[in-house]
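So the structure is just underneath, and the comments pick up after that.
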Amino acid sequence: MCRTIKADERFMLIPVVMITSLTSKDDRINSIEAGAEDFISKPFDKTEVLARIKMLLKVRELNVSLARAYGDINKLTTFGKMAVKSFESGQFNLGFAIDKIIEQIMPGKDSGSDHPRMCVVGAPRGHGGWEWTRFEHEPAGIKRLNLDMNLESHLRLPPDNKARIVSYDAENLATSKMKNLVKQLRLSSLSVDNLLCYLSTSLCIFTMNYSREITKHDADVLNTLVMHTLFVKSTLENIQEIEGGFTYSLQALARASETNDEDTGNHILRVGTYAKILATELKQSEAFCRDIKVHALTHDVGKLHVPLNILIKPEQLNKAEFSFMKKHTHYGAMILGDHPRLRMAKTIALTHHENWDGTGYPNGLAGNAIPLAGHITKLADQYDALRNARVYKPAFDHATSVQILTEGDGRTLPEHFSPTLLAAFVSVASRFDETFNSLNDNLYTEVQQPA
Ligand SMILES: [Fe+2]
Ligand SMILES: [Fe+2]
């Protein structure tokens with residue numbers, strides 16, 4: 001019987017004392033091997049037995065605390081890993097993060113009676129008021145229910161950016177600061193036996209109905225889980241803001257470079273979008289596709305250094321003028337400089353006029369010596385130039401532009417592009433047309449017009 005008790009995870013921490021008339025050394029060894037904590041031979045002394053039981057219960061209590069502490073460490077480690085994952089994805093969803101916190105605090109029903117049986121979570125809605133959710137266990141998992149209650153009016157929250165953690169047991173619940181909140185919940189037939197609260201102006205979490213005393217560890221675990229979550233949230237928001245600023249600055253630089261160009265504003269945005277479409281079709285990494293859309297914007301930033309009489313000359317450029325025009329690639333690379341975050345932008349500025357057959361400029365690179373980002377941007381740029389009127393040509397429709405790129409017109413030749421790039425272009429060409437039409441009507445669609 002002792003072996004059976006000790007083999008079951010649910011009962012193994014229950015102390016067993018053998019009280020027996022057996023006295024031999026073998027019997028003692030047998031009972032220890034079966035897992036018994038103590039062995040008392042008859043006749044026994046009642047006081048001694050009670051003292052030993054007391055001692056064993058104390059040991060049991062410590063063992064339970066130890067097991068709980070291990071569980072808590074596990075919880076925090078798992079949660080930390082999850083936080084890192086959500087960090088990598090760059091996305092943050094508060095609802096999803098709260099679900100994860102609750103999963104840690106209130107794991108499956110089989111995991112013993114150590115956990116709260118109900119949680120209530122509230123967060124302010126964007127448009128005023130708070131949204132309250134109740135979490136409870138169901139055989140299929142955690143049930144999430146909307147609580148249509150105005151619980152926030154019964155709370156005294158700490159000042160902004162501060163949080164408070166408090167716990168109440170059954171005795172002091174009725175007289176506590178939470179008594180009105182508890183009353184509200186009870187009015188909705190939700191029983192509250194004991195309560196641990198995380199209170200802040202941005203998030204409130206109540207975990208309740210523990211079948212044991214709420215400890216300082218419970219408060220620490222809840223606090224750590226929430227702090228992890230809010231840290232990831234604010235850091236991701238900061239990163240997104242910095243990223244937004246970075247993209248905006250590149251757009252501003254690109255737009256400045258187009259001041260004297262024939263078309264302004266949306267040409268650069270369209271080139272970025274085409275480039276991303278091509279990169280995706282060529283199965284480039286997510287980061288590459290995301291980056292090229294932004295880094296292609298500044299492909300012609302070097303034109304800032306080209307004199308206006310060359311830039312807007314209606315007649316064909318003479319040899320000297322054209323060789324100056326070619327320098328916009330080097331100037332572009334120079335302006336963008338050596339910052340690692342602008343490496344792709346620099347590469348594109350330098351190589352977006354190289355031809356696959358080696359006839360391009362500035363370095364006459366051929367084949368795979370041309371960086372892919374530059375080569376993709378070249379095609380994107382040329383498609384858009386074909387769709388728009390230039391001093392030397394009218395605007396072509398989509399079909400004609402595709403034909404010129406794939407079959408050549410004397411000026412543009414298919415040999416200028418890698419066969420793989422051209423094939424990718426043909427299969428996504430219709431999306432180029434859609435992009436041209438949707439990013440054509442309104443100049444500066446992504447940026448507000450100056451008043
Ligand atoms: Fe260019
Ligand atoms: Fe361009």
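Order of appearance sets the numbers: ligands from 1, and atoms from 1 within every ligand.
Excluding waters, the protein N/O/S atoms found under 2.8 Å from the Fe ion (ligand 1) are D300 OD1, H328 NE2, H352 NE2, H353 NE2.
Atom-to-atom distance recorded for T201:OG1 and K162:NZ is 10.5 Å, nearest 0.5 angstrom.
Pairs engaging residues 336-345 under the salt bridge (charged side-chain N to carboxylate O under 4.0 Å, His left out) rule: E243-R341, D338-K346 [sequence neighbours left out].
Among L199, L222, L196, the single residue meeting the side-chain contact (heavy atoms from CB on, under 4.5 Å) criterion with F206 is L199.
Side-chain polar atoms of H352 and D300 form a donor-acceptor pair below 3.5 angstrom.
Between H353 and H328, the ring centre distance stays below 6.0 Å.
Heavy atoms of other residues, nucleotides or ligands lying less than 6.0 angstrom from NZ of K313 number more than 12.
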